[in-house]
Amino acid sequence: MAVSENFLSSYRGSDDDFGLYGPNSVWNRAALTSQQGDPFCCLAEWQMSYHDVFEPNRAIFARESAGNALAFAVIRVGGTPRGLVPLDDMWRFGNPLLGPNAVDLFADTLPGLFAKWGGDASYIRISGIRPHGRLLRELKTRFGNSYRFARYERDVQCGASLQGGIDGFLSRRSGNFRRKLKKTLRNAAQVGIQIERHVPSAPSQAEEIYQRMLSVELASWKGKGHCGMADGRCRPYYLLMLRRLSVSASGRIMFAVHDGKDIGFIFGGKAGSVYRGQQFSYDENWRDASIGNVLQFSQLEWLCEEGASRYDMGPLCGRGMEYKQHWTEKRFWIETWSMTKD
């Protein structure tokens, strides 16, 4: 079995190290062929950006073979490697085992991995598992005699089918939703709001667009309340992600513009034919103009023109997530499981 194995160094913005990114990388191809609940968050662009900003001191172990890939962060106890966790070990939307035979690759990897480090794989955490799916069954079959399995957490994601294009999407919404949306779009047009589309295809373009996004964010209620993407580690995190997405031109950004001034934006990225929303925001002075709804619908129109199959909006539960129920009809449960050595 031909295997590529490496300890990955963190990527911190250099334009000459993009081997992991793009639709042709083994990692990302495996993510798109694994029936993931949240395929975008399985991509290297999401996972490596999280690592570099939130856990830069954790070693990464990655391995790939025949269209399968695995990527874990190593946790240490007293300086000795003792376990593996997802690179994104906070949101835990993505899966570190990718590809149709990822469990075989994992089983081949694990016995010798910790032995050569002088440690022991006493604890493993795997996120992004679809309930009742093949992956969990295979893990329990392979490792059930040596590890104790327990469900660590459960989350529900939401999305909308784009089958039938924008008309198909609207046909799956309520009549009240359609009437309100039509009025909102008409009002936006009457006051002269225009929509710009952007697909960064180089890191420098991504940075310019990101600065425009931050300017809007700082004028929003999130920016003024210091709870948005302009604050803390979220600021470099989304920048790194957008830079990486520019390699494959997979980022999708729209601005709402009035009299030459940005008053709102929506940002997400594509994993194959699936779009995953990341952030949107608008100038607080325009809070009564439903800029968010204008941008959501404009993004949907764009994606339907491109032939996208699904519009993912991330977690459904939590503060401020209620609005997603009106835009989506699909639910995707994902779980995180722990494996503890007896």
Side-chain angles (χ1 to χ4, degrees), residues 21-24 28 31-32 36 38-41 43 45-46 157-175 177-202 205-206 208-210 212-213 216 241-242 244-258 262-282 289-314 323-324 326-330 332:
Y21 317 116
N24 293 322
N28 284 352
L32 299 181
Q36 299 295 333
D38 193 338
F40 181 87
C41 293
L43 300 180
E45 289 89 337
W46 172 286
Q157 308 280 86
C158 61
S161 169
L162 299 184
Q163 182 178 2
I166 197 65
D167 291 335
F169 170 83
L170 288 172
S171 72
R172 292 181 285 273
R173 312 275 79 76
S174 69
F177 176 92
R178 294 195 299 269
R179 285 190 297 272
K180 288 184 176 179
L181 179 61
K182 185 177 181 179
K183 181 180 179 180
T184 294
L185 296 173
R186 183 175 62 248
N187 291 341
Q190 288 175 347
V191 299
I193 295 175
Q194 297 179 317
I195 303 296
E196 291 183 4
R197 299 177 176 183
H198 293 273
V199 182
S201 57
Q205 293 178 5
E208 291 174 5
I209 289 171
Y210 193 65
R212 289 179 63 181
M213 292 164 59
V216 175
M241 188 195 305
L242 190 58
R244 286 178 162 125
L245 289 171
S246 72
V247 176
S248 57
S250 296
R252 295 293 182 273
I253 302 96
M254 303 189 91
F255 287 97
V257 182
H258 184 263
D262 296 332
I263 61 172
F265 75 85
I266 188 167
F267 157 51
K270 294 180 74 174
S273 67
V274 177
Y275 170 88
R276 171 62 147 82
Q278 295 297 321
Q279 293 285 331
F280 77 90
S281 200
Y282 55 85
S290 298
I291 300 299
N293 290 341
V294 173
L295 287 165
Q296 293 276 14
F297 184 74
S298 298
Q299 189 75 282
L300 284 159
E301 284 188 311
W302 186 10
L303 293 167
C304 288
E305 290 173 16
E306 294 186 327
S309 63
R310 206 171 82 198
Y311 184 83
D312 282 359
M313 296 186 73
Y323 76 96
K324 297 180 182 180
H326 303 294
W327 291 90
T328 63
E329 77 282 347
K330 291 182 173 291
F332 310 97

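Any value given below was found using the heavy atoms of this structure, including those in side chains, with hydrogens, waters and symmetry copies removed.
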Participant: Who pairs with Ala31 by side-chain contact (heavy atoms from CB on, under 4.5 Å), at least two apart in sequence or on another chain?
Facilitator: Cys42, Leu43, Leu98
Participant: Just so I know, are the side chains of Leu242 and Phe267 near enough to count as touching, which here means a heavy-atom distance under 4.5 Å?
Facilitator: yes
Participant: Do His198 side-chain atoms and Gln205 backbone N/O form a donor-acceptor pair below 3.5 Å?
Facilitator: no
Participant: Can you find a pair of side-chain heavy atoms, one from Phe265 and one from Ile209, that are under 4.5 Å apart?
Facilitator: no
Participant: Looking at every non-hydrogen atom in both residues, tell me the closest pair between Ala256 and Ile193 and how far apart they are.
Facilitator: CB-CG2, 4.1 Å
Participant: Can you list, pair by pair, the side-chain donor-acceptor contacts under 3.5 Å of residues 295-306, counting residues two or more places apart and other chains?
Facilitator:
unit_1: Gln296; atom_1: OE1; unit_2: Tyr311; atom_2: OH; d: 2.2
unit_1: Ser298; atom_1: OG; unit_2: Val294; atom_2: O; d: 2.8
unit_1: Gln299; atom_1: NE2; unit_2: Tyr275; atom_2: OH; d: 3.0
unit_1: Trp302; atom_1: NE1; unit_2: Glu306; atom_2: OE2; d: 3.4
unit_1: Glu305; atom_1: OE1; unit_2: Arg197; atom_2: NH1; d: 2.9
unit_1: Glu305; atom_1: OE1; unit_2: Arg197; atom_2: NH2; d: 3.4
unit_1: Glu305; atom_1: OE2; unit_2: Arg197; atom_2: NH2; d: 3.1
unit_1: Glu306; atom_1: OE1; unit_2: Arg252; atom_2: NE; d: 3.2
unit_1: Glu306; atom_1: OE1; unit_2: Lys270; atom_2: NZ; d: 3.2
unit_1: Glu306; atom_1: OE2; unit_2: Arg252; atom_2: NE; d: 3.2
unit_1: Glu306; atom_1: OE2; unit_2: Arg252; atom_2: NH2; d: 3.3

Participant: Any idea which heavy atoms bring Pro200 and Ile253 closest together, and the distance?
Facilitator: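 Of all heavy-atom pairs spanning Pro200 and Ile253, the closest is CD-CD1, 3.5 Å.
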Participant: What are the two closest heavy atoms between Ala160 and Trp327, and how far apart are they?
Facilitator: CB-O, 3.4 Å
Participant: Could you check if a side-chain atom of Pro39 sits within less than 4.5 angstrom of a side-chain atom of Asp312, using non-hydrogen atoms only?
Facilitator: yes
Participant: What closest approach, in Å, do Val216 and Ser281 show between heavy atoms, and which atom pair accounts for it?
Facilitator: CG1-O, 3.9 Å
Participant: Would a distance-only check, ignoring hydrogens and angles, find a side-chain to backbone donor-acceptor pair under 3.5 Å from Arg276 to Asp38?
Facilitator: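 No, the answer is negative, given that no donor and acceptor are paired below the 3.5 Å cut-off.
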Participant: Mind checking whether Tyr323 and Phe280 have parallel, tilted or perpendicular rings, split at 30° and 60°?
Facilitator: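 Ring orientation, 0 to 90° scale: perpendicular.
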Participant: Could Arg173 and Phe169 be counted as a cation-pi pair, given that NZ or CZ must be under 6.0 Å from the ring centre and within 45° of the axis?
Facilitator: yes
Participant: To check you understand the geometry: which heavy-atom pair defines the closest contact between Ser309 and Val274, and what is its length?
Facilitator: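 In terms of heavy atoms, the two residues are closest at OG-CG2, 4.1 Å.
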Participant: Return yes if some donor-acceptor pair links the side-chain N/O of Lys324 with the main-chain N/O of Cys158 below 3.5 Å, else return no.
Facilitator: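 The answer is no, because no donor-acceptor pair under 3.5 Å joins these two groups.
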Participant: Do any N or O atoms from the side chain of Glu329 and from the backbone of Ser161 form a donor-acceptor pair under 3.5 angstrom?
Facilitator: yes
Participant: State, yes or no, whether a side-chain contact exists between Asn28 and Glu45 at a heavy-atom distance under 4.5 Å.
Facilitator: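 When only atoms from C-beta onward are counted, Glu45 and Asn28 do touch, with a gap below 4.5 Å.
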Participant: In chain order, what residues pass the side-chain contact (heavy atoms from CB on, under 4.5 Å) check against Lys180, with sequence neighbours excluded?
Facilitator: Asn176
Participant: Would you confirm whether Arg244, through its side chain, and Trp46, through its main-chain N or O, come within 3.5 Å as a donor-acceptor pair?
Facilitator: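 No: the side chain of Arg244 does not pair with the backbone of Trp46.
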